[in-house]
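Okay, structure first, notes after.
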Amino acid sequence: AKTKGHNRIDVFDPVMLQQVRDRLHLEVELRQAIEQGDFALYYQPIVNLRSQSLRGFEALLRWQKGDTLISPDVFIPVAEETGLIFELSRWVLHNACEQLQQWQQRYPKLQSVGFTMSINLSANQFSLPTLVSEIQQTLGHHHLAGQFLKIEITESTLMQHLDSACEILAELKAMGVRINIDDFGTGYSSLSYLRNLPLDGIKIDRSFISQMDRSQEDLEVVHTILVLARNLHLDCIAEGIENTTQLQLLRSLRCPSGQGYLFAPPLTPHKAEVYLQEHIL
Ligand code: C2E
Ligand code: CA
Ligand code: CA
Ligand code: CA
């Protein structure tokens, strides 16, 4: 971005001006979309790599803008900057829980096999004093035990909020809710938090998985993360598995779980239910 003296934005730069307009436009549209409820949750299977059995779903947010689906990578940053993320996240939590409750009622086996629903938490939510009580209330409202909900937070969020994180995670754990570190390996962080925080597991970032069948370095990184996780008694999920070579490598490294297009992309609620029927019942 171009700036001129005193850090003022040079609004006469046409490219800059267009970017500002796009941004404002996106914000207005996002606000409208929230009012109209133009969002959907898609569900991506998380699979036990040894037995190939289904362990749970990760709920991934989509903006249904007319005929197009907009990726969260586009609108989550705007939602975070504008504070709209709080309302959006509330909607995600509520909907994911409602869907899980519905499926648990329809397919009682889900509870006995410990099928879980994972949701993504934004960094902003970590500074919300009501986060834990909101989660508790939503679980209660849907008569869900905490053990069926998993929270995914990125490594960088955790590092930003290390002080409050400790308390929040302990409270969530007391409710039975499990916590996974998302995009593990991408942040610069001290590893001591892995030992000290009440974590359930880590998700190895897709960037390591995508090259592990071609790059010796990435293979080594994945191996190291898996050994670390095992030593700390943490669960481990490999993200973005796209081919059988990656799957075989991960199985040989005894990676417990995985997720990726090889198994299924994020699915509409209807397709996710069909997947459930085929893989659990
Ligand atoms: P993430 O949590 O790391 O989610 C994984 C992303 O990788 C998803 O992108 C998923 O569709 C994609 N993916 C899964 N398997 C594969 C694969 O085999 N290959 C490739 N190339 N990609 C794969 P998506 O759904 O576009 O979400 C992007 C990010 O947006 C998420 O990254 C997450 O950080 C954020 N996000 C999604 N839903 C929510 C939400 O409800 N709340 C918040 N705060 N963030 C969300
Ligand atoms: Ca995630
Ligand atoms: Ca991730
Ligand atoms: Ca990511």
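Each ligand, and each atom within it, is numbered from 1 in the order the structure gives.
- In the model, Asp22 has a side-chain atom that pairs as donor or acceptor with a side-chain atom of Gln18 under 3.5 Å.
- Each of the atoms 2 (O), 4 (O) of ligand 1 lies under 4.0 Å from some heavy atom of Glu58.
- Near Asp183, with a cut-off below 4.0 Å to any heavy atom, the atoms of ligand 1 are 3 (O).
- A donor atom on one side chain and an acceptor atom on the other are not found under 3.5 Å apart for Gln19 and Arg23.
- Gln44 counts as a contact of ligand 1, since one of its heavy atoms falls under 4.0 Å from the ligand.
- Among the atoms of Asn120, an N, O or S atom is found under 3.0 Å from the Ca ion (ligand 2).
- Among the backbone and side-chain atoms of Glu58, an N, O or S atom lies under 3.0 Å from the Ca ion (ligand 2).
- Residue contacts to the Ca ion (ligand 2): Glu152 brings an N, O or S atom closer than 3.0 Å.
- Assignment of Glu80 to the shell around ligand 1 is not supported, since no heavy atom sits closer than 4.0 Å.
- Between the side chains of Glu155 and Tyr193, at least one donor N or O lies within less than 3.5 Å of an accepting N or O.
- Residue-ligand proximity, Gly260 to ligand 1, at heavy-atom distances under 4.0 Å covers atoms 15 (N), 18 (O).
- For Lys65, the salt bridge (Lys or Arg N to Asp or Glu O under 4.0 Å) partners two or more places apart in sequence, or in a different chain, are Glu29.
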